[in-house]
Enquirer: 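This structure is in structure tokens; I'll ask about it shortly.
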Number of protein chains: 2
Amino acid sequence: MAFVNQNPILQSLIAEQLVSDPASARGRLLNEAARLFRDKGYERTTVRDLAAAVGIQSGSLFHHFRTKEEILKAVMVETIRLNTALMQAAADQADSAREKLRALIRAELESINGQTGEAMAVLVYEWRSLSESSQAEVLELRDIYEDLWLSTLQQLSKEHQLGADPFITRRMLTGALSWTVTWYRPERGGLTLDGLTDQVMAMLGLDQC
Amino acid sequence: MAFVNQNPILQSLIAEQLVSDPASARGRLLNEAARLFRDKGYERTTVRDLAAAVGIQSGSLFHHFRTKEEILKAVMVETIRLNTALMQAAADQADSAREKLRALIRAELESINGQTGEAMAVLVYEWRSLSESSQAEVLELRDIYEDLWLSTLQQLSKEHQLGADPFITRRMLTGALSWTVTWYRPERGGLTLDGLTDQVMAMLGLDQC
DNA sequence: TTACAAACCAAGCGCTTGCTTGGTATTGTC
DNA sequence: GACAATACCAAGCAAGCGCTTGGTTTGTAA
């Protein structure tokens, strides 16, 4: 195999069976599904597309998943699980609230524009394609994720370092950061991930105090 | 008719045939289409849904539009035309660059969360459903719209009132403002449109200097 | 070697989709 | 009141959709 993922956080989640191993049949399918869902949208992606992407027949998909929607849900659930763990780890390493926020922003930008980027985009854009009951499930997981942000932003607000309301700031950041997936292309020179993080902090007036 | 739209900007665009009269058959269809496309997504909305929404048979749609995609494109094109005009008018009334930016933010929030909100959401979320040639057409119109923002932000940057780069600030604002459609509910009490605009300005550190 | 489950294929069913067709009301104009 | 042009209906076609089915291959363990 050309690439072995050695991220210890990912490894422990795989061990706990909370996230599929990208090397397994299920994991490979979920990765391909995320890419297809992002590129063409969930509705435009057929089960035949999904099957072809991993080299099996369309009917064989239903041996692994009961419905097409179950695939979408799995992509979303596993992505949130992974990213919550990644963000938690990033935040834990920082001391001040300001550094915590910077770590969260950097980590989220990395998730959005890095390896899990396809899945993160799916999480944002394919929300409506989930059934209501699945939406509720995913939403519950997302609340944990959001608490990480809110507690940090509330701390900053107490320290009078935040211009606007913490809740609203988070919502603005959600939109601003997820939108980067439509324009940020680090490979084409220019802005690095750290540089982009600096710009976001500067926009919030948190670069120098 | 219960509601007569007397917006002079809209009226002049209708007179120039750049935007369909909401009272006409075509205009009514485009409004309903925008609503359906936002609620269910373009792909999940069938031509039968669209036809039923205006009380005709599905086949009769194709007397007004050649394809389903042409309806999506028309929604997008007319929305950009209208909003460019609205934003231009809003910006023209302001004096300082700071006030111009505030006017632009307020106007865009109003577009996103007001009457043209459905169509604005379609513009953001249904981009991929357009054919490449249609995308190019819409993109051209959007450039005019974006120049309005950039010139204002560049002016602010010259005055050293902006923390981050103007281009990046605009992109962050695009994401942040369009995302409001997923959470901002002015009718449920709380934040008014002016209040939300204040919060955005505060986030940028532009409330008081 | 045998036994058995997991993984997969080949074929296709039933349904929905965007769109077409041929014809009929409705409307505006002189 | 004649006559187009416009707006619409009723019916349905061809294609593509998610998913099912019955059977075959592959992997594993005694």
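Lettering of chains follows the sequences in order, A, B, ..., and the numbering in each one begins at 1.
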Enquirer: Surrounding CZ of A/Arg66 (heavy atoms of other residues, nucleotides or ligands, distance under 6.0 Å), is the total greater than 12?
Expert: no

Enquirer: So, applying side-chain hydrogen bond (donor to acceptor under 3.5 Å, both in side chains) with A/Arg106, which one of A/Thr197, A/Asp198, A/Asp194 is it?
Expert: A/Asp194

Enquirer: Evaluate side-chain contact (heavy atoms from CB on, under 4.5 Å) for B/Leu36 paired with B/Lys40, printing each intermediate quantity in order.
Expert: CA-CA 6 Å; B/Leu36 284 166; B/Lys40 322 195 349 175; 4.3 Å; yes

Enquirer: Does a side chain donor of either A/Glu108 or A/Tyr145 reach within less than 3.5 Å of an acceptor in the other side chain?
Expert: yes

Enquirer: Can you check the B/Leu36 CG to C/dT17 P distance for me, whole Å?
Expert: 13 Å

Enquirer: Taking the six-membered ring of B/Tyr42, is NZ or CZ of B/Lys68 closer than 6.0 Å to its centre and within 45° of its axis?
Expert: yes

Enquirer: To the nearest Å, how far apart are A/Asp49 CG and D/dG18 P?
Expert: 8 Å

Enquirer: Any luck finding a side-chain donor-acceptor pair between A/Thr174 and A/Arg170 under 3.5 Å?
Expert: yes

Enquirer: With distance as the sole criterion, is a donor-acceptor pair present between the side chains of B/Thr46 and B/Asp49 under 3.5 Å?
Expert: yes

Enquirer: Whole angstrom is fine here: how far is it from CG in B/Leu29 over to C1' in D/dC8?
Expert: 14 Å

Enquirer: Is any N or O donor-acceptor pair between the side chain of A/Arg48 and the base of D/dG18 shorter than 3.5 Å?
Expert: yes

Enquirer: Would B/Arg142 and B/Trp127 count as a cation-pi pair here, with the cationic atom under 6.0 angstrom from the ring centre and within 45° of the axis?
Expert: yes

Enquirer: Could you tell me how far apart A/Lys68 (NZ) and C/dC15 (C1') are, to the nearest whole angstrom?
Expert: 15 Å

Enquirer: Heavy atoms within less than 4.0 Å of DNA chain D: which residues of residues 71-79 of chain A have one? Give them sorted by number.
Expert: none

Enquirer: Does atom CD (B/Glu16) have a neighbourhood of more than 12 heavy atoms from anything else shown, all under 6.0 Å?
Expert: yes

Enquirer: Give a yes-or-no answer on whether the side chains of B/Glu69 and B/Ser131 include a donor-acceptor pair shorter than 3.5 Å.
Expert: yes

Enquirer: Do we get A/Lys73 above A/Phe65's six-membered ring, with its NZ or CZ under 6.0 Å from the centre and within 45° of the axis?
Expert: no

Enquirer: Can you check each nucleotide of nucleotides 23-29 of chain D against protein heavy atoms at under 4.0 Å and return B for base, S for sugar-phosphate only, - for none, in 5' to 3' order?
Expert: -------

Enquirer: For DNA chain D, find the residues of residues 53-67 of chain B with a heavy-atom distance under 4.0 Å and give them by number; none if there aren't any.
Expert: B/Gly55, B/Ile56, B/Gln57, B/Ser60, B/His63, B/His64

